[in-house]
Enquirer: 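Take a look at the following structure, please.
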Amino acid sequence: MEYILEVFLDDYRLSKIKGSPVESNIEAVFGGELKVLRVKVGEEVKNEILKAFETARIDSRACITDTPVAFKRALFEEIAKQKSLGEEVVKAVLARIDEIKELAAKESEYLPPPDIETE
Amino acid sequence: MSELYFKRPMPHGGKLVERVITDKKVAKKFLESCKRTKCPVYDIKPTLHYKRGVPVRNVYREIMSVCYGFFSPVEGSMTSAELESVLSKRRLLSGWVFPYPILFDISKEDYKALGVSEGDRLIIRLKGKPFAILDIEEIYEIDPEELANRTFGSPETNPEVVREKFDDKHPGWVIYRSHNPIILAGKYTIINEPIFKPPFDRFWLPPRKCREVMEQKGWRTAIAHQTRNVPHVGHEFLMKNAAYTGDVEPCHGILVNAIIGVKRRGDYPDEAILEAHEAVHKAGYIKPERHMVTFTLWDMRYGNPLESLLHGIIRQNMGCTHHMFGRDHAAVGEYYDKFATQILWLKGIPSYGFDKPVNEVEGGLLIRPQNMREFWYCPVCKEMAYSENCNHTKEKEKLSGSLIRGLVAEGVQPPVVIMRPEVFKVVVKWWKKFGYPFVNEKYVQWKEEELEVDLPDLD
């Protein structure tokens, strides 16, 4: 069975993958207003993710949700770096698991805000 | 035509409770007289989680809401007879509907140290300064676990709407479970008016003042919107559409009334909630003439139908003619039926003391319910659609809180059909201040130290 990791895209993220082969895989929801990439993984990788993060779960759409933000950010970084949506990007993220777990532990204390003008 | 107009309802109980000494000279004399007679002094302490020790409530918020009339006709901490009446019938001894125990609780150690007895006057200090007095009519002991269980009920005692046994995952149950065992019952009087800090100062509108502002604005009809959240577009559509009710024309005003106090982890900070709602009218999504943001101090009990009763009381006291209620009103987890609030207001819940709808029982409310289902985004209609209108149920895209929280946490700006950019900017503004977009343990601790107010010198 295949499981899905959704990666939502804003303008900044879109600019990072512009012109890459990944761009053609962008799906649109909410009337085209929200762009999303879907990374498909198999049973083994899914189990690794669930084992790594106790909050992670599978929802009714077979999506892996409630993973730490650090994991989702790292996933996008790897997609942008490897220009791919293959399972290898998730494996590359899992190779950084110690770093991600350390960041995830700090997530309940601090999350970096987006760099947008607020005044 | 005028016979078709709705009138602003009277305050619950007939008149607004106002127990605040506003004249500083009078307040000072009052305090001096208390000191001459050696009134005991008690410094308010936060209620701490009975297991984890983190703040879950501060009784100062209840004293404020009682004394400024939000909870009219309640005038203070309930006596044992009143408590029993509320728990068994959801009625005050006077017969007026009221859902929750309102209690001034202290520990056995503090009781011993204070040495107070019935008939004494207690000076209550907040942040080290005189704040209020409590004229003690009765002192009695409670079992906090029994109090918590009886406050919310159970699937056995309230089978119409309660689905799961309440436990320590329910924040409201935890608040009552964490009460101290000694109750000092009696009327409160605020003798030193707290000063609200920004941004709270802009949104503080106690019932009498709120009624005056509604008159000035020419709002014959006003519909209340309960919130503990920053508004996404679904909330905005709920407000706009629910307001189409009214009398001979849609409601003149939408009164947003946020509940400010200790909240769940994952909720948004209070400061962001208020300013985000303000952003809705500042950015013109609803005209500011028609939309007003206010708040009530209360550590939410998340009691779904019971909470809706309190909400109805507060907003009737503030002068609203209508109150919108959605799915899962003021709820957390799966403890209640999703539509428990609507069942209460449409049919009644006999096990909670309502064999008829809330507006039809003796001592009930005058504010009218506007029970709404839900809004979703429909890609076929290409608009935010009402679930009872739109038949594209397969294509619908729901705006779930977890979807939006997931986007926000990642720093991904939600699209305009989900959250207005001006609202998101407010979220980020407070995120930058607190280093976190949502309520976390650190925010709760900080909030407990700071509170929403400071107190002027009175001594």
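Chain letters run A, B, ... following the sequence lines, proteins first, then strands; residues in each count from 1.
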Enquirer: More than 12 heavy atoms of other residues, nucleotides or ligands under 6.0 Å from NZ of A:Lys16: yes or no?
Expert: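 It does not: A:Lys16 NZ has 12 such atoms or fewer within range.
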
Enquirer: Can you find a pair of side-chain heavy atoms, one from A:Ile116 and one from B:Phe424, that are under 4.5 Å apart?
Expert: yes

Enquirer: Given heavy-atom pairs under 4.5 angstrom as the criterion, report whether the side chain, backbone, both or neither of B:Lys442 touches chain A.
Expert: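 Contact with chain A: side chain only.
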
Enquirer: Please say whether more than 12 non-hydrogen atoms of neighbouring residues, nucleotides or ligands are located less than 6.0 Å from OH in A:Tyr110.
Expert: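 Above 12, so yes.
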
Enquirer: Specify the closest pair of heavy atoms between A:Leu111 and B:Pro437, including all atoms of both residues, with the distance to one decimal.
Expert: CD1-CD, 3.8 Å

Enquirer: Contact between B:Leu399 and A:Phe30 at the side-chain level, heavy atoms closer than 4.5 Å - yes or no?
Expert: yes

Enquirer: Any idea which heavy atoms bring B:Asn440 and A:Glu109 closest together, and the distance?
Expert: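 Minimum heavy-atom separation between B:Asn440 and A:Glu109: ND2-O, 3.7 Å.
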
Enquirer: Let's test your reading of the structure: which of A:Arg13, A:Glu117, A:Glu107 forms the most heavy-atom pairs below 4.5 Å with chain B?
Expert: A:Arg13

Enquirer: Within a radius of less than 6.0 Å around CD of A:Glu43, do more than 12 heavy atoms belonging to other residues, nucleotides or ligands occur?
Expert: yes

Enquirer: Given the options B:Lys425, B:Glu410, B:Lys382, B:Glu383, which has more heavy-atom pairs under 4.5 Å with chain A than any of the others?
Expert: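 Max contact count across the listed options: B:Glu410.
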
Enquirer: Can you see which heavy atom on A:Asp10 is nearest to which on B:Gln413, and at what distance?
Expert: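 The answer is OD2-N, 3.9 Å.
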
Enquirer: For A:Pro114, which of B:Val428, B:Val427, B:Val412 qualifies under side-chain contact (heavy atoms from CB on, under 4.5 Å)?
Expert: B:Val428

Enquirer: With a 4.5 Å heavy-atom cut-off, do B:Leu407 and A:Leu34 have their side chains touching?
Expert: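 They are in side-chain contact.
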
Enquirer: Side chain, backbone, both or neither: which part of B:Lys398 has a heavy atom under 4.5 Å from chain A?
Expert: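 For B:Lys398, the backbone is the part near chain A, not the side chain.
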
Enquirer: Within the supplied structure, the quantity of interest is the number of heavy atoms (other residues, nucleotides, ligands) at a distance under 6.0 Å from A:Glu102 CD; does it exceed 12?
Expert: no

Enquirer: Passes side-chain contact (heavy atoms from CB on, under 4.5 Å), B:Trp430 versus A:Thr118? Steps please.
Expert: CA-CA 9 Å; B:Trp430 291 99; A:Thr118 54; over 6 Å; no

Enquirer: Taking atom NZ as the centre, does A:Lys81 end up with more than 12 heavy-atom neighbours from other residues, nucleotides or ligands that are less than 6.0 angstrom away?
Expert: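 Result for NZ/A:Lys81: open.
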
Enquirer: Return the option, out of B:Ile418, B:Val426, B:Val380, B:Val408, with the maximum number of heavy-atom pairs under 4.5 Å with chain A.
Expert: B:Ile418

